Amino acid sequence: MEENKPLDIDPLMMDFLLEHYKHPHNFGEIDPAEIAYEDGNPSCGDQIKITLNTKEGIIEDIKFKGKGCIVSQAAASILTDMVKGKKIEEAKNISKEEMLENLVIPIGPMRLKCALLALKVLKKGLYGKDYCDEDEDE
Amino acid sequence: MENKALCEIEVEKIREDFPILSREINGKPLVYLDNAATTQKPLSVIERMANFSKTTNANIHRAIHTLGYEATVAYENAHKSVARFIGAKSWREIVFVRNATEALNLVAHSFGEKYLKPSDEVVLTIMEHHSNIVPWLVLRDKLGIKVKFIKTKEDGTLDFDEAEKLITKKTKLVGAIHASNVLGVVNDVKKLRELARNVNAKFLVDGAQSLPHIQINVNELDCDFFAASAHKMAGPTGIGFLYAKRELLENMPPFLTGGDMIKTVTVEGATWNELPFKFEAGTPAFTEAVGFEEAIKYLSNIGMDKILAYEKELEEFILKQLQSMKYIEFYGHRKGENLALFSFNIKGVHPHDAASFLDRFGIAVRSGNHCAQPLMNHLNMENTLRASFYFYNTKKEAEKLFSALEETNRFFNR
């Protein structure tokens, strides 16, 4: 372990995530939904389900439901904001770095799984079973 | 016999033996409260292993040269130290393995596959760590045996009425975690042993959490199997042991096979080496074995009774405080005997978030399901924070935890 590992959460900057956690955007479930996908991190119990409908290649509506830590749930709230009204292709191409940048606060190595769960769920939903996460094998 | 606890001055002196305890985390002195996961090592253990590598390193057994002889003696002596520490009749009853998990797998594979038949049953407690559940479930799928679980009562202790019903003539083995890594409760294993003996079942104790704190005598416990890991008791990682009664080990088939565990090999077959080497295939972790011996020496020099008595004082002090904090949801009922190990949550705060926040204060606690999902499900718990103390922890550190919890609660529950 490095001597000075990055802080997992800086409380001064944490307000942004806390706000999303307490008042999540796009919370709920679309029924019927064109695409629905749910996944979790078994080690910590974080769970996220994303449902969405598209129209002419654009994500027309998207909602998420879930439970877990602030980081995982706030990330889902932020991600649904990011992709709502965007082209499916754009959403498919969101990188992990981009996701992390949008969380505003630095996320330490031990919490990456929490921060990236929503993106994983969205991509698995959009790509279907063809999706493979190249990083998971690294 | 009077159990005199370590005093504050002694603990301060002890802390100097552990180099890592002077580390700072995020600019704050480390408060290490994750001892149920792994403990820190005193300098004597670190140096003993380094010195062994510098002066004595050679592969054990069958070497004619001096180093090989010295390493072999050191490795066998480590067995003897463990045997003395737990009151085994012979060092040949001590099988070195990687950790308690491997020891439990050894029992399931070797004893289980030889002695268990499709109609047989294994009875465990709902408190088991995954390491004493999964090997038996795998064996169940292979052999068609049944695996049953003794649940806990309202007060958090094992339900012995249910145990009496579950342990029957069909039961061939009863296995129990000695001290729970989630609740801290020390189970009445002697009572379980009686139930096992009544039906002629073998009795297995997972001592991974108990041996670091409680003086164990396997003869007094009268268990057939006892498993533990060195790294949870001030020793190195990569080494643990299985104690089993000699007669059992003599009759059990090898677990892993290959080098060092054989007497003779022809293309037709092989005969097995003497105990315990029959179960120690391949080059073992002899450097770590020597480190383990040093850890046992370190603990023995302090005195296990003093360690336990001091930890009891810590436990009472911390329990009183934690249970009086209104925003803390506390798990476990603390009936009977308990370790200084506590599972709790700050109401409304996910334990991962709380653990991240505590880390900013240099406080290391664990968060999660603690590899005991069946217990968590049984108690309707999802994830918890767990603070587990060892003899080098202090009341002052506990107070740091309390005030950090206070701040965490204030931050998240504004």
Side-chain angles (χ1 to χ4, degrees), chain A residues 1-24 27 38-49 64-78 100 103-118 120, chain B residues 19-20 22-28 30 32 34 37-38 40 130 134 182 345-377 379-386 404-414:
Chain A
M1 188 78 80
E2 294 162 16
E3 274 303 293
N4 292 308
K5 80 175 168 86
L7 301 182
D8 273 343
I9 292 176
D10 184 336
L12 297 174
M13 294 200 283
M14 179 104 193
D15 281 355
F16 178 68
L17 292 192
L18 199 55
E19 191 49 37
H20 269 281
Y21 177 76
K22 288 190 168 169
H23 309 287
F27 192 81
E38 183 171 6
D39 205 350
N41 289 330
S43 69
C44 54
D46 291 343
Q47 196 74 18
I48 282 170
K49 182 178 186 181
F64 85 96
K65 247 172 94 171
K67 57 172 186 163
C69 65
I70 291 176
V71 178
S72 70
Q73 302 304 305
S77 172
I78 290 162
L100 294 176
L103 295 181
V104 181
I105 73 162
I107 299 294
M110 306 304 283
R111 300 302 295 278
L112 275 183
K113 271 196 169 171
C114 315
L116 296 173
L117 176 61
K120 183 168 124 186
Chain B
I20 205 168
S22 55
R23 229 201 105 163
E24 290 198 340
I25 303 288
N26 298 323
K28 303 270 165 53
L30 166 67
Y32 185 78
D34 195 14
T38 198
Q40 301 302 345
H130 292 163
V134 183
V182 178
N345 274 319
I346 300 174
K347 285 175 190 162
V349 183
H350 193 284
H352 278 21
D353 296 325
S356 283
F357 205 82
L358 292 174
D359 186 52
R360 291 189 48 81
F361 297 93
I363 298 173
V365 297
R366 188 144 290 253
S367 57
N369 58 42
H370 317 301
C371 290
Q373 286 174 21
L375 175 67
M376 305 292 278
N377 288 336
L379 300 175
N380 280 323
M381 295 156 65
E382 268 193 61
N383 289 293
T384 75
L385 291 171
R386 181 185 69 190
L405 285 171
E406 189 80 43
E407 280 209 46
T408 311
N409 177 55
R410 216 178 304 142
F411 178 79
F412 286 102
N413 286 323
R414 277 174 287 175

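The structure presented is a predicted model; accordingly, all values stated were derived computationally and were not measured. Residue numbering restarts at 1 for every chain, and letters A, B, ... go by the order of the sequence lines.
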A.B. asks: Is there side-chain contact between B:Glu382 and A:Lys67, with at least one heavy-atom pair below 4.5 Å?
C.D. replies: yes
A.B. asks: CG of B:Asp353 to SG of A:Cys114: how many Å apart, nearest 0.5 Å?
C.D. replies: 7.5 Å
A.B. asks: Indicate yes or no: at least one non-hydrogen side-chain atom of A:Met110 is less than 4.5 angstrom from one of B:Asp359.
C.D. replies: no
A.B. asks: Taking all atoms of both residues into account, what is the closest heavy-atom pair of B:Phe411 and A:Leu18, and its distance?
C.D. replies: O-CD2, 3.9 Å
A.B. asks: Take B:His350 and A:Val71 through the test side chain to side chain contact (heavy atoms under 4.5 Å, CB included) and record every step on the way to the result.
C.D. replies: CA-CA 10 Å; B:His350 193 284; A:Val71 178; over 6 Å; no
A.B. asks: How about B:Phe357 and A:Ile70: do any of their side-chain heavy atoms sit closer than 4.5 Å?
C.D. replies: no
A.B. asks: Any side-chain heavy atom of A:Asn41 sitting closer than 4.5 Å to one from B:His352?
C.D. replies: no
